Trainee: 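The following block contains the structure, expressed as structure tokens.
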Amino acid sequence: MAATEKASVTLDKLVSLAKRRGFVFQSSEIYGGQSGAWDYGPLGVELKKNIQGVWWKEMTQMHDNIVGLDAAILMHPKVWHASGHVENFTDPLVECKSCRGRFRADHIDAKGACPTCGKKDTLGEPRKFNLMFTTHIGPVEETASTIYLRPETAQGIFVNFKNVVASSRVKVPFGIAQVGKAFRNEIVTKAFIFRTAEFEQMEMQFFIHPKQEPKWFEYWKQSRIDYYSKLGIDPAHLRFHQHGKDELAHYAINAFDIEFLFPMGWQELEGIHSRSDYDLRRHQEFSGDKQEYLDQETQERYLPYVIETSAGLTRSVLMVLTDAYEEETLGEGAEKGDIRTVMHFHPNLAPVKVAVMPVVKKDGLLELAQKLELSLREDFATMLEPTGNIGKNYRRQDEIGTPYCLTVDHQTKDDNTVTIRYRDSMKQERVAISELVSFIRNNIKNYVRGQ
Ligand code: ATP
């Protein structure tokens, strides 16, 4: 067993591990990098897809009244006038007259000194800065062809409200879920993948009768914080923050953030917003197309209210990396005093579930390991470690968060068993090859961190 001393995780450590092991790379690195953008490497893309998969399953498969959607990023520009983004989607920008640094007025403390050069009384008056990126569609760059990159996925859901009602069996209360890219010209992009210009959101808009707003708001608040245990996140690292009147977005009547304890402190991970009928009403006004819902039983026509759950997918990747990271000082055996870095990903999120390795390359053991790895591919994301250097293989797999390592040794040839080694506890036991699939499946289902 390992005695653990949890060194506190820093952003630098995560950035370094992410690059070293192929989770996240700086965008356009060979050209000096593009700020506000990051690329997901071979393991990062798997991790991100797995987080998205758990969310999608939770929202659609586990709720009989939520359906999915994948709307286009490019939308009619009127959408953003109707949604209020052209007018209101702004952050307060202040500029330092001395160093020309630009900051979000609500993100700097009130002492009046510039966060970059430290000079006092050099910050100008805040002005509104719109966060939407514009571009042009069609061959002629003229005002009429100006188009926006969506700053949230939600509007794609609202403008399809009637399409979904007409084409599927849903009845209010019901939800529409969507995952996709969003773009914001943030005044300051920072903290690795926490705040970026290009990012991904996982949003769900839940349409309800206005009278049921309090009930559903409470339901989604609770349901969303509970969900994070499915990602294996420590509940002590999550909390609610209710928006004060001055914090509420232009569409919101009530809002709670779920905050996570990131390396830079408590920060928003997901927003739960009560949006009233703001969006459907505005789209009705701007498009001239009636957005009302007809209750077939009562014959009541009304504009539904909406409860929104809006989580950052790329921000969730940072949360999962943060929560999983541990530096462990080994307390016993030959490795006493060594430090191992281990990512305690929930097995459902781990990019690789099972690594297979021969204890030595010779005596036909490599071939046996290859055969075993091949046979497990249908059921799990696997990786072959062919070198025969078990110690090094374990370290690498710990660092990429692989929950199970299978070792093929001479005994395997005699009795068709292998050693399974658990990432968290480093405990080992022998399992028959014929039982491996159900054994590992069961283990994943009942996973508890530290096992
Ligand atoms: P902030 O006030 O911090 O700029 P926000 O409250 O405007 O953020 P929302 O519009 O509620 O954020 O977005 C919903 C979710 O989308 C956030 O909780 C976050 O996880 C994610 N998100 C928003 N902006 C970014 C960004 N620039 N980079 C990465 N994720 C983001």
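What you see is a predicted model; the values in this text were computed from it and never measured. Quick note: residue numbers are just sequence positions, from 1. Just so you know, ligand 1 is whichever comes first in the structure, and atom 1 is the first atom listed for that ligand.
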Trainee: Please confirm whether Arg184 approaches ligand 1 to less than 4.0 Å, judged on its heavy atoms.
Mentor: yes

Trainee: Give the atom numbers and elements of ligand 1 that come within less than 4.0 Å of a heavy atom of Glu186.
Mentor: 24 (N), 26 (C), 27 (N)

Trainee: Who gets closest to atom 22 (N) of ligand 1 by heavy atom: Phe199, Phe194, Phe89?
Mentor: Phe199

Trainee: Any Lys/Arg nitrogen of Lys221 or Glu218 sitting under 4.0 Å from an Asp/Glu carboxylate oxygen of the other?
Mentor: yes

Trainee: So, Asp257 side chain and Glu259 main chain: donor-acceptor pair closer than 3.5 Å or not?
Mentor: no

Trainee: Among the heavy atoms of Arg104, does any lie under 4.0 Å from an atom of ligand 1?
Mentor: yes

Trainee: Between Arg275 and Glu203, does any NZ, NE, NH1 or NH2 come within less than 4.0 Å of an OD or OE carboxylate oxygen?
Mentor: no

Trainee: Measure from the side-chain N and O atoms of Asn442 to the backbone N and O of Ser438, and report whether any donor-acceptor pair falls under 3.5 Å.
Mentor: no

Trainee: Would you mind finding which of Thr189, Leu269, Val317 brings a heavy atom closest to atom 20 (O) of ligand 1?
Mentor: Leu269

Trainee: Identify, by atom number and element, the atoms of ligand 1 in contact range of Gln201, meaning under 4.0 Å from any of its heavy atoms.
Mentor: 13 (O), 14 (C), 15 (C), 16 (O)

Trainee: Find all atoms of ligand 1 within a distance of less than 4.0 Å from any non-hydrogen atom belonging to His273, and give their numbers and elements.
Mentor: 11 (O)

Trainee: In this structure, does ligand 1 have an atom that sits under 4.0 Å from one of the heavy atoms of Glu200?
Mentor: no

Trainee: Specify the protein heavy atom at minimum distance from atom 1 (P) of ligand 1: its residue, its atom name, and the distance to 0.1 Å.
Mentor: Arg195 NH1, 3.6 Å

Trainee: Who's the nearest protein heavy-atom neighbour of atom 15 (C) of ligand 1, and how far?
Mentor: Ser310 O, 3.7 Å

Trainee: Determine which pairs satisfy side-chain hydrogen bond (donor to acceptor under 3.5 Å, both in side chains) with at least one residue from residues 62-80, sequence neighbours left out, and list them in order.
Mentor: His63-Tyr219

Trainee: Got a sec, which residues hit ring-ring contact (aromatic ring centres under 6.0 Å, His included) with Phe129, two or more places apart in sequence or on another chain?
Mentor: none

Trainee: If you take the centroid of each ring, where Trp contributes its six-membered ring, are Phe260 and Phe262 closer together than 6.0 Å?
Mentor: yes

